[in-house]
Amino acid sequence: RARAIAAYRKALVFWPADTLVAGPLVRYLIEDDQRTSALEASETFAAASTHPGWPHFLRGFALHAAERYEAAEQAFERALATLSASQREDWLDVRVLLAPEERSRYRQLPTEQRSTFQQRLWQLADPIHLTRGNESRAEHFSRHVYGRILRRAPFTSGAVSWGADVEELTLRFGVPRMRTQDWARGPTLDAQITEHFDPDQQSYVPPALLTAAGITEFAPGAGWPYDTIRSRNGFAPRSVRRMLTLDHMLSRFYERDSVIVRVDAQLPLDSAVRYPTRFEFGVFLLDSTFQVIAARVDTIAADSARTAANLVLPLPAGAAAYSVEARDLGSRLAGRSRHRLPAPLPASRPLLSDLVLLAPAAELPASRENASFTPVRSLQLKRGQPVVIYLEADGLTPGDDRMVRYAVDLEVMEETRPGVFTRTVQRLGRALGLGGNDVSPRITWNEQKPAAIALPIALNLGKLQLNQGLQRFRVTVTDRETGVRSSVDRTVRIEGK
């Protein structure tokens, strides 16, 4: 490779506008981790070439390798603008990344709808909004460039030459990290070539947006949202060293005439994180096309393995999904959860916030401003873990004495099959660690308090003795003056001790 780089560099001096010189040189320099030199070679070619598009493609290829993803996308856009309609469609086509049933639906879309589909797909495929640019889209075009370089250059992978099958694998999984050769047993002793791709690859491009929602509601304990074992595509962005599923709890509260969102999360950790360090932590709210319409980002100082983070931001109209993200600025370890927002909060009185789970404290919190308001950072709860539930109610009708009177019902339902909660927990008091001989599947208590905005309702559940698996807590608040009621749910996963 060193000899090839030297030869191509010498050739570039004499033929700086030659595609067959510049393309392989940039490729070899990138593979040799000489990314600055690769960018310089692409710019030398761009300055000398009269070709309308290829210099921009090659420069985008080098910029992507240099992790300048926003600039790479801009270079690719300039290149795409020089192509004919049919050529541009070839570059923009995403069929090879989709599940088989999705491909047929995609092919039937009119041109304009196909373009809209592509935009939605790439918005959702952006690995992490904390960085500038869309690494997945830039990677896709870079794989196209790599394929076109190898299509016109000598390519050997054992006895396999460059063809449509190899090109599809390149678009789906990128360039192999290495190839190993095994000699088959038998009289012919044919060579068997095995390609090894990056083991840290994950699927960021949703395999289905037409035949499925492409994004799901958060479920505690769920893994990566796209199947990485039978995935249609794979990518390991260089902007992160490793990507984990970020466990968190999202809660919404009424505040005057608006709704605010609070996210509590435990920052991702592994043995490569060195303290003290700093994490970027962000919450991004997305519309139905997965465009970011609101965001809040902070830098968190971390000096121990128990560092937590939380952010609060207004919920804008049109928000349909969210992305919670964290990245260690030192080791580049990252975590992400991107999901559809839960069903809207009750819009009729009494107005209820989301149900929040808190770690127990010396006293129950009287508001979110209290020191005892300490939300858990994971909805995966250990059996025997003590928990406090908290929510806020607004719009209760006061009596003549300016007191509000209300009843609170707490139920817990077990998931009997995936996605279906039908079994109500019996002996609920005992299962929640409240003691006694309660055999009822529901706990009910009555309260009266002075009328107030965002009236807090809290109950210490003690040490949970629920069965393992998904459980749904449901709290119903009934206004005893009017008889009107509202309910909110929260799903948790109970794990063994």
For residues Y146 and E31, is any side-chain donor paired with an opposing acceptor at under 3.5 Å?
yes
Among residues at least two apart in sequence or on other chains, which ones pass ring pair (Phe, Tyr, Trp, His ring centres under 6.0 Å) with F281?
none
Tested for side chain to side chain contact (heavy atoms under 4.5 Å, CB included) against Q123, the lone hit among Q291, Q118, R137 is Q291
Please report the shortest heavy-atom distance between L109 and L210, naming the atom on each side.
CD1-CD1, 3.9 Å
Applying ring-ring contact (aromatic ring centres under 6.0 Å, His included) to W15 and Y8, what does each step give before you reach the verdict?
CA-CA 10 Å; W15 302 290; Y8 276 115; over 10 Å; no
Please check this pair: side chain of T116 against backbone of E112, looking for a donor-acceptor N/O pair closer than 3.5 Å.
yes
Are more than 12 heavy atoms from other residues, nucleotides or ligands located less than 6.0 Å from atom CZ of R383?
yes
Worked verdict on R472 versus E415 for salt bridge (charged side-chain N to carboxylate O under 4.0 Å, His left out)
CA-CA 8 Å; R472 176 171 292 175; E415 184 183 59; over 6 Å; no
With a 3.5 Å distance limit and no angle check, can you tell me whether S49 reaches the backbone of H51 through a side-chain donor-acceptor pair?
yes
Salt bridge (Lys or Arg N to Asp or Glu O under 4.0 Å) involving D33 - partner list, sequence neighbours excluded
R35
Could you list the residues that satisfy side chain to side chain donor-acceptor pair (under 3.5 Å) with S86, not counting sequence neighbours?
S84
Counting heavy atoms not belonging to R1, are there more than 12 under 6.0 Å from its CZ?
yes
Does the side chain to side chain donor-acceptor pair (under 3.5 Å) test come out yes or no for N467 and E414, once each step is laid out?
CA-CA 8 Å; N467 294 329; E414 293 182 325; 2.9 Å; yes
Test item: side-chain donor near acceptor, R172 and S231, under 3.5 Å
no
How long is the gap from CG on L20 to CG on L25, to the nearest 0.5 Å?
12.5 Å
Could you work out, with ring pair (Phe, Tyr, Trp, His ring centres under 6.0 Å) as the rule, every residue matching F373, not counting sequence neighbours?
Y390
Between R327 and E280, does any NZ, NE, NH1 or NH2 come within less than 4.0 Å of an OD or OE carboxylate oxygen?
yes
Run the salt bridge (charged side-chain N to carboxylate O under 4.0 Å, His left out) test on D354 and R252 for me, step by step, so that the C-alpha distance in whole Å, both residues' side-chain angles and the decisive distance to 0.1 Å come before the verdict.
CA-CA 5 Å; D354 276 320; R252 296 161 298 173; 2.8 Å; yes
Among all residues two or more places apart in sequence or in another chain, which pass the side chain to side chain donor-acceptor pair (under 3.5 Å) test with S42?
none
If only atom types and distance count, is the side chain of E167 paired as donor or acceptor with the main-chain N or O of G147 below 3.5 Å?
no
Looking at K382, is its backbone amide N or carbonyl O close enough to the side chain of Q385 to form a donor-acceptor pair, meaning the two atoms are under 3.5 Å apart?
yes
T245 OG1 to R338 CZ distance, which is reported to the nearest 0.5 Å
12.0 Å
Would you mind listing every salt bridge (charged side-chain N to carboxylate O under 4.0 Å, His left out) that reaches into residues 80-94, with sequence neighbours excluded?
E89-R114, D90-R148, D93-R95
Checking side chain to side chain donor-acceptor pair (under 3.5 Å) for the pair E101/T211: CA distance, chi angles, key distance, verdict?
CA-CA 8 Å; E101 60 273 16; T211 57; 4.9 Å; no
Identify every side-chain donor-acceptor pair in residues 294-301 under 3.5 Å, counting partners at least two apart or on other chains, and give the distances.
{"from": "R296", "atom 1": "NH1", "to": "V312", "atom 2": "O", "distance (Å)": "2.6"}

The test is ring-ring contact (aromatic ring centres under 6.0 Å, His included); show your working for Y322 and H248 and say whether it passes.
CA-CA 12 Å; Y322 69 96; H248 66 283; 5.6 Å; yes
For F117, enumerate each residue passing the ring pair (Phe, Tyr, Trp, His ring centres under 6.0 Å) test, keeping only those at least two apart in sequence or located in another chain.
Y106
Would D489 and L355 count as a side chain to side chain contact (heavy atoms under 4.5 Å, CB included) if you check the C-alpha gap in whole Å, the side-chain angles of each, and the deciding distance to 0.1 Å?
CA-CA 7 Å; D489 292 358; L355 183 64; over 6 Å; no
Option from D328, D200, D270 for which side chain to side chain donor-acceptor pair (under 3.5 Å) with R241 holds:
D270
Parallel, tilted or perpendicular: which fits the ring planes of F197 and F173, with parallel below 30° and perpendicular above 60°?
tilted
For S136, check side chain to side chain donor-acceptor pair (under 3.5 Å) against everything at least two apart and list the hits.
none
Can you name the side-chain contact (heavy atoms from CB on, under 4.5 Å) partners of Q380, sequence neighbours left out?
P220, D247, S378, R493, E495
Residues forming a ring pair (Phe, Tyr, Trp, His ring centres under 6.0 Å) with F284, sequence neighbours excluded
H129
Once the angle between the rings of H144 and W91 is folded into 0 to 90°, is it parallel (under 30°), tilted (30 to 60°) or perpendicular (over 60°)?
tilted
Rounded to the nearest 0.5 Å, what separation is found between the CG atom of L286 and the CG atom of L124?
8.0 Å
Walk me through it: do V388 and V356 pass the test side chain to side chain contact (heavy atoms under 4.5 Å, CB included)?
CA-CA 8 Å; V388 172; V356 186; over 6 Å; no
Give the intermediate values and the outcome of side chain to side chain contact (heavy atoms under 4.5 Å, CB included) for residues D198 and V175.
CA-CA 9 Å; D198 191 332; V175 181; over 6 Å; no
So, R242 versus S331: side-chain donor-acceptor pair below 3.5 Å or not?
no
Under 3.5 Å: donor-acceptor pair, side chain of R120, backbone of F290:
no
Side-chain donor-acceptor distances from residues 56-68 under 3.5 Å, at least two apart:
{"from": "H64", "atom 1": "ND1", "to": "S142", "atom 2": "OG", "distance (Å)": "3.3"}
{"from": "H64", "atom 1": "NE2", "to": "E139", "atom 2": "OE1", "distance (Å)": "2.9"}
{"from": "E67", "atom 1": "OE1", "to": "R332", "atom 2": "NH1", "distance (Å)": "2.8"}
{"from": "E67", "atom 1": "OE1", "to": "R332", "atom 2": "NH2", "distance (Å)": "3.2"}

Determine whether the side chains of T131 and E135 contain a donor N or O and an acceptor N or O closer than 3.5 Å.
yes
Side-chain (N233) to main-chain (L97) donor-acceptor, under 3.5 angstrom
yes
